[in-house]
Undergrad: 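Dropping a structure here in structure tokens format, bear with me for questions.
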Amino acid sequence: MPSLSEQLQEVRSRAEVCLYSGGRVVEVRAGVMAMANLSLPPCSKYRHIAAETMVIENSFGSNRKERLSTALNILEKYGCNLTNPNRPKYWRTVKHNNPVFRATVDAIQGGRAVLCLYGYSNQQPDGLSFPDDVMDPDVGRVAAVTLEVMSLRMELEMLIKVCVRVTSAFVLADQSLSVSHSSHVSLVRCLVISISENCTVCGIFRISAHCLTCLQGLCSECDRLYHSNPDRANHCRTAVSSSSKNRSSHWSVSVWQCKSCTMVNAASSILCEVCERPRLATRPPVTPSHPPITPPRPPAPVLGMPGDPDSQWVCQFCTYLNYSPATVCEMCDLARPEPAPLPVKLRPPSPVRRVPALPIKPKEPAPEDQDVWRQKIMKEEGLKLIQLIRDGEKKGVSPEEVYTSMRVAGDSSIPLCKWIKTELPLLLEQIQMSVLSMAEVKQAWLTAGGDTERAAKQALRDRHSKVKELCALGFSDEAHCHEVLKQSGGEVRGALALLQRPLLEPFHKRIWSDKPEPPIDIHHPNKQRTCRSLLAVYDLPSWGRCELALSLLLEHSAPYSLEDVVQAVKESHDREFIRRVLAKECPICLSVFPHSKMQSLTSCQCSVCCGCFKQHFTIAVRDKHIRDMVCPVCWEPDINDPEHLNSYFSTLDIQLRECLEPEVYELFHKKLTEQALIKDPKFLWCFHCSYGFIYDGDQLKVTCFQCRNSFCAQCKRPWESQHAGLSCEQYQSWKRENDPEYQRQGLAGYLRDNGITCPNCRFQYALSKGGCMHFCCSQCRYQFCSGCNNPFHTTCAVDECSVSGLHAHHPRDCLFYLRDWEPSRLQALLQVHTHTHTHILRFLYNDEGGQQTDSACGAQTQHGHAGLCEKHYREYLVSLINSHSIDPAPLYSSNELLLACRRYKVDDTRREGEDSFTYYSRLLEKLMDEVPLGDKVPRKK
């Protein structure tokens, strides 16, 4: 049969393999149970963890055994997570601020040592972690340690259940228990002590000494008897002082904890040493000046000698066995109930004796008459007292003073209220001492029921109690405490305010001072002081966040400010995420700023620094159009979309109000208002001063409200009397035929009057045509062709359009195509049509003598171009062609005809056997039929 060590090795190996290979839980638990039941000493069974030491160090105190079992359970979970192939995401660290960790593993002795065995050997400011060079945990070692933790927890739970049945003597425990293993003996000895705070031998009295040799807690009598044996006389024993129970209360009186930074300060200090916040003025726990005197406890009976049963009594509330003459239960501090009357013992009859006859007394009144008389007296006295109280209330005397004074001065001939006003102050002056106030003496006199001697003693006792209470708060000068108590009339709260007033004076001066708060010195040698200052001033959520903020500020080459780091630490506890938040690069100036110093729009994900954001929108408002106020990085959103326009500008208005200068922000609002007014069909721009307004009338003549000049509401030209009663076309025709000034100016005047008008907002530009055909309105940013007014766009709405980029679709009579024709060809197109007006033909070849300079552009004119340069002359001829709707298709060459058919998607397939003349004639007819003049795409049939 294999030995116990061999059995242990076999069970351990099988359980370890099952643990880290993902075996079943039942198999692992069976292996742990087998290890726990092996009768081996702890030093042989537990190779990695110090099991016996952990049990001994965590055995004393209330509920320490259950806490040790819970901590072992948490450590077991940590080990199982490390051996699991699917480890948790944050398996490398164990945080100290975890409440479960603080209440279990960190609350026992040896808990962190087990974590170090797992591999958590790197100490961090906020916890433990694996070293950076360790990529994966040592699964074999972790499995071995975890198995020992599981075995110790199971063995400990079995021992806790068994130790409940321990009898009154520890010597009998090893014989009566069902546990016979040598590994359990030392654990049982530790746990028997921790089962109760009473003696482990008699189980009745409290422990007065701990024996470290036999691991027992004994009362004084059992300790004397048990260690009187010569074999046990050399045992090492430690006395348990009764003052250890009151250490926590003494500590709470001698120190106080700051509510802002959690710093523990001395009781004499009013301001916190770190954050300099004042201590809240709260009353200390009231302690009686004369504690109740408990009679000394009689010596306990020796084990096996029950003692006198008449001296014992059982508490009805907690069933604790107490001993007389104690009248209060030692466990629950409740009074002993009154004992039941003892039964009367019968005595033998006495011999008969002759008694002389007694004299006959007169008959007493019936008991009913006495009760009536007593009730009558009580009623009269009650009515008298009520009347005195009412009279006293009218004169400002309290009912207590009336009742007590009536008992003291009942036989005086002076009226009671007058006696209280005149004689009572003299009586109280006899009791008053130099340290007492009149209010204290009066209260003590009322409490004593008018007894002057008792009142004097009671007043002194109350004063000493109050002085002791103030001294417990850190004010050690008793003479000063007596003085402030006399000033406050014996009120502790008022005296405390008087004592704290000079101490709070520096704090009040600092609050009401105009000087800024002194900055926090992050390089202070006391890091704990700096963390407490951060916790108090910036209200960080935890101590770990304070240490994280301080470590980020102390990093080399860290360009962070204290406020930026605090704001980032409040939002997250991840160090890498905080570094990314604190180091945002501006895509415009390429500088690094924290996230709080970056600005972004709601329409995109781009972020720029506050300086670039302000500069971009300042330039856009002053020098550009309202539609240029978009993101400077991605140029989003598309403001041409009217649905998103209002929501975008409403959000942008809030951002610009905070960053722009007041005059720039006012200009932004002005442009935003004009942009909204342009959409109104009744909105007009003045021809003379460019003033905009809304015109509700139905007449053509409009008078500007700004310059008081008139213009036509339809053609936007200056108003003349000849325009009345005529349409704009009729008026222009009359002006060309009859106005000598207009005829004298010739074509230059015609071009000046026919400037460029935006088809979107109807804003008119007094410019001569020429140059690029792509025109962008400065008012509404609408892009169009100055020849045909068709829009330029990047997203084409025409089906089967293969052109990408910015482009427009022009009709065939547009200047975009006809500007390449020679002037002679355009003149021929006009001469073909006989309906052309004669005054126009007169200007076709008018030179007005010699070579001149074009007034519109300054270029030299040519012969036969009516005093215009060649470019302006072509534009003028095309304008005549457009005004008379002349189709240029009949003058197309064969190549131009084929190109036009392909441009407008007209089928140019040549029929079989068709000659050239017939083919081009058919194409021309088909082009003019499918694409009428002015259309930019073929019409659908």
Undergrad: Nearest 0.5 Å please: distance from the CG atom of L540 over to the CG atom of L550.
TA: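 It comes to 11.0 Å.
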Undergrad: Classify the side-chain pair D462/S465 by whether it contains a donor and acceptor separated by less than 3.5 Å.
TA: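 No - no donor-acceptor pair under 3.5 Å links their side chains.
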Undergrad: To the nearest 0.5 Å, how far apart are CD in E478 and CD in E483?
TA: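 It comes to 14.0 Å.
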Undergrad: With sequence neighbours excluded, tell me which residues meet salt bridge (charged side-chain N to carboxylate O under 4.0 Å, His left out) with K509.
TA: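 K509: salt bridge (charged side-chain N to carboxylate O under 4.0 Å, His left out) contacts with E505.
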Undergrad: With sequence neighbours left out, what residues match S437 under side chain to side chain donor-acceptor pair (under 3.5 Å)?
TA: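 Partners of S437 by the side chain to side chain donor-acceptor pair (under 3.5 Å) criterion, ordered by chain and then number, come out as E440.
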Undergrad: Anything under 3.5 Å between a donor and an acceptor, one on a side chain of residues 441-449, the other on a protein residue two or more places apart or in another chain? List them.
TA:
from : atom 1 : to   : atom 2 : distance (Å)
K442 : NZ     : E401 : OE2    : 2.5
W445 : NE1    : G450 : O      : 3.3
T447 : OG1    : Q443 : O      : 2.8

Undergrad: Can you name the residues that form a side chain to side chain donor-acceptor pair (under 3.5 Å) with K421, not counting sequence neighbours?
TA: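 If we apply the side chain to side chain donor-acceptor pair (under 3.5 Å) test to K421, skipping adjacent residues, there are no hits.
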Undergrad: Is there a donor-acceptor pair under 3.5 Å between the side chain of K486 and the backbone N or O of M438?
TA: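 It does not hold such a pair.
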Undergrad: Determine whether more than 12 heavy atoms belonging to other residues, nucleotides or ligands lie under 6.0 Å from atom NZ of K570.
TA: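 For K570, atom NZ is crowded (more than 12 foreign heavy atoms under 6.0 Å).
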Undergrad: Any donor-acceptor pair under 3.5 Å linking the side chain of T530 with the backbone of N526?
TA: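 Checked: pair present.
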Undergrad: Heavy-atom count around E453 CD within 6.0 Å, excluding the residue itself: above 12?
TA: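 Result for CD/E453: open.
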Undergrad: Just checking, is any N or O donor in the side chain of R545 or H573 under 3.5 Å from an acceptor N or O on the other one?
TA: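 No, no side-chain donor-acceptor pair sits under 3.5 Å.
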Undergrad: Donor-acceptor check, side chain of S488 to backbone of L485, threshold 3.5 angstrom: yes or no?
TA: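 Yes, because the side chain of S488 sits within donor-acceptor range (under 3.5 Å) of the backbone of L485.
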Undergrad: Which pairs, with at least one residue in residues 383-397 and sequence neighbours excluded, count as a side chain to side chain donor-acceptor pair (under 3.5 Å)?
TA: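 Listed by first then second residue: Q387-D391.
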Undergrad: Does Y403, at its OH atom, have more than 12 non-hydrogen atoms belonging to other residues, nucleotides or ligands within less than 6.0 Å?
TA: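 At most 12 heavy atoms, drawn from other residues, nucleotides or ligands, come within 6.0 Å of this atom.
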Undergrad: Report the residues that fulfil ring-ring contact (aromatic ring centres under 6.0 Å, His included) with H227, sequence neighbours left out, ordered by chain and then residue number.
TA: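 With sequence neighbours excluded, H227 shows a ring-ring contact (aromatic ring centres under 6.0 Å, His included) to H235, given in chain and number order.
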